[in-house]
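Working notes, structure below.
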Amino acid sequence: SRGLGDVYKRQVKSNQSITFNTLPAQVFTNAPFALSAVASSSLPVSYAVASGPATVVGNTVTITGVGKVVITASQAGNGSYNPAADVNQEFNVSQANQILSFDLSSLSGITYGDSPINLSTYAGTTSGLPVTFQVVSGPGTISGSTLTITGAGSIVIRASQAGNVNYTSATPINQTLVVAKKPITVTAVSTNRFANTANPAFNVSYATFVGSDTAAGIDTPPSVTTTANLASPTGSYDLVPSGAVDDSYSLSYVNGTLT
């Protein structure tokens, strides 16, 4: 038992409150930012993400996605102060814009028959998301990011990035790639005939078609002429090819000989 002279002392804790001001809206690409709630006790405030796409380390918030984020500010008290009532603040994180770049101006001297071109080398986005490509018009096909040239002319290529949950779609960009005709040599095939006979049919040969192209694909085949006729004396006469026209080949000529 305690004597009448014993004195009991009981410490009464003080209440405290937290001031946690409204948080501004954010964009997905914003840098981490600091929280600054204050306890009336001057004790340090702790933070936690109650919900949403963000993390908190100490008093620093890092955004991890798009949507509503709820942050809870707490102060657990100590020997002099009772725990404070938690205070929540929320903010919305919106999608970030992205910028697409696509520039083929460094591609010069392209000729029909050149190797396929990796278009991803010439395009990019500030988001780091992959770029998609399509042929709007002209002689080319695209598989993934690889352009295969199928003829000479102007190829209009569109680069796009559709965005995702964190980024808006980028503004598409068109670029025009000018493809020169492939030089090809047409040679009159030398032949012979007997004197006082009609000229035979003359033929030509072609040097180095592209891929599976053949002479049958030339838009306007060449003709071969000679000054020799039925009454011409024996001797050698030039066979002169000319007149061929094609959309994808630039044709030059080599004479043959009729003897």
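Atom set for the values below is all heavy atoms of this structure, side chains included, hydrogens, waters and symmetry mates excluded. As the structure is a computational prediction, the values presented were derived from the model and not from experiment.
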| query | Would Tyr122 and Phe102 satisfy ring pair (Phe, Tyr, Trp, His ring centres under 6.0 Å), going step by step from the backbone distance to the final call? | reply | CA-CA 6 Å; Tyr122 304 93; Phe102 182 39; 8.0 Å; no

| task | Carefully, step by step, assess Ser145 and Asn118 under the rule side-chain hydrogen bond (donor to acceptor under 3.5 Å, both in side chains). | result | CA-CA 6 Å; Ser145 61; Asn118 181 6; 3.2 Å; yes

| request: Could you check Ile63 against Asn30 for side chain to side chain contact (heavy atoms under 4.5 Å, CB included), going step by step and ending with a plain yes or no? | output: CA-CA 7 Å; Ile63 295 167; Asn30 284 0; 4.2 Å; yes

| Can Tyr81 and Lys13 be said to form a side chain to side chain contact (heavy atoms under 4.5 Å, CB included), step by step? | CA-CA 5 Å; Tyr81 288 93; Lys13 293 185 179 182; 5.8 Å; no

| Working for side chain to side chain contact (heavy atoms under 4.5 Å, CB included), residues Tyr47 and Val45 | CA-CA 7 Å; Tyr47 304 94; Val45 177; 4.0 Å; yes

| task | Please report the C-alpha distance between Gln16 and Asn82 in whole Å, then the side-chain angles of each, then the deciding distance to 0.1 Å, and finally whether the side chain to side chain contact (heavy atoms under 4.5 Å, CB included) criterion is met. | result | CA-CA 7 Å; Gln16 60 172 328; Asn82 291 315; 5.8 Å; no

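Judged by distance alone, the side chain of Lys181 and the main-chain N or O of Asp246 form a donor-acceptor pair under 3.5 Å. Side chain of Thr187 to main chain of Ser205: no donor-acceptor pair is present (N/O by atom type, distance under 3.5 Å, no hydrogens or angles). Remark: side-chain polar atoms of Ser143 are not paired, donor with acceptor, to backbone N or O of Thr146 under 3.5 angstrom. The backbone N or O of Ser236 lies less than 3.5 Å from no partner atom in the side chain of Thr257, so there is not a single donor-acceptor pair. Side chain of Thr132 to main chain of Ser160: a donor-acceptor pair is present (N/O by atom type, distance under 3.5 Å, no hydrogens or angles).
Using a 4.5 Å heavy-atom cutoff, the side chains of Ile99 and Thr171 are not in contact. Using a 4.5 Å heavy-atom cutoff, the side chains of Leu119 and Ile142 are in contact. Counting heavy atoms from C-beta outward, Phe202 and Val189 have side chains that stay 4.5 Å or more apart. At least one side-chain heavy atom of Ser232 sits less than 4.5 Å from a side-chain heavy atom of Arg193. The shortest distance between side-chain heavy atoms of Val49 and Val70 does not fall below 4.5 Å. At least one side-chain heavy atom of Leu35 sits under 4.5 Å from a side-chain heavy atom of Val61. The side-chain heavy atoms of Gln98 and Leu129, taken from C-beta on, include a pair separated by under 4.5 Å.
A donor atom on one side chain and an acceptor atom on the other are found under 3.5 Å apart for Thr168 and Asn97. No side-chain donor-acceptor contact under 3.5 Å links Asn192 and Thr259. A donor-acceptor contact closer than 3.5 angstrom links the side chains of Tyr249 and Asp213. Asn59 and Ser36 share no side-chain donor-acceptor pair at under 3.5 Å. Looking at Tyr237 and Asn199, their side chains never bring a donor and an acceptor atom within 3.5 Å of each other. Thr72 and Asn88 form a side-chain donor-acceptor contact under 3.5 Å, judged by distance and modelled atom types alone.
By the criterion of side-chain heavy atoms lying less than 4.5 angstrom apart, applied directly or through intervening Ile, Leu, Val, Met, Phe, Trp or Tyr residues, Ile155 is grouped together with Leu107 in one hydrophobic cluster. Phe20 and Leu43 fall into different hydrophobic clusters, where Ile, Leu, Val, Met, Phe, Trp and Tyr side chains are chained together by heavy-atom contacts under 4.5 Å. Hydrophobic clustering, with ILVMFWY side chains joined whenever heavy atoms are under 4.5 angstrom apart, groups Val210 together with Leu147.
Residue-environment remark: NZ (Lys68) stays at or below the threshold of 12 foreign heavy atoms within 6.0 Å. Counting heavy-atom neighbours within 6.0 Å of Asn196 CG, excluding the residue itself, gives a total of 12 or less.
In this structure, the separation between CD1 on Ile149 and OG on Ser115 is 9.0 Å, given to the nearest 0.5 Å. Taking CG of Leu104 as the start and CG of Leu177 as the end, the distance is 6.0 Å to the nearest 0.5 Å. A distance of 12.5 Å separates CG of Asp103 from OG1 of Thr121, quoted to the nearest 0.5 Å.
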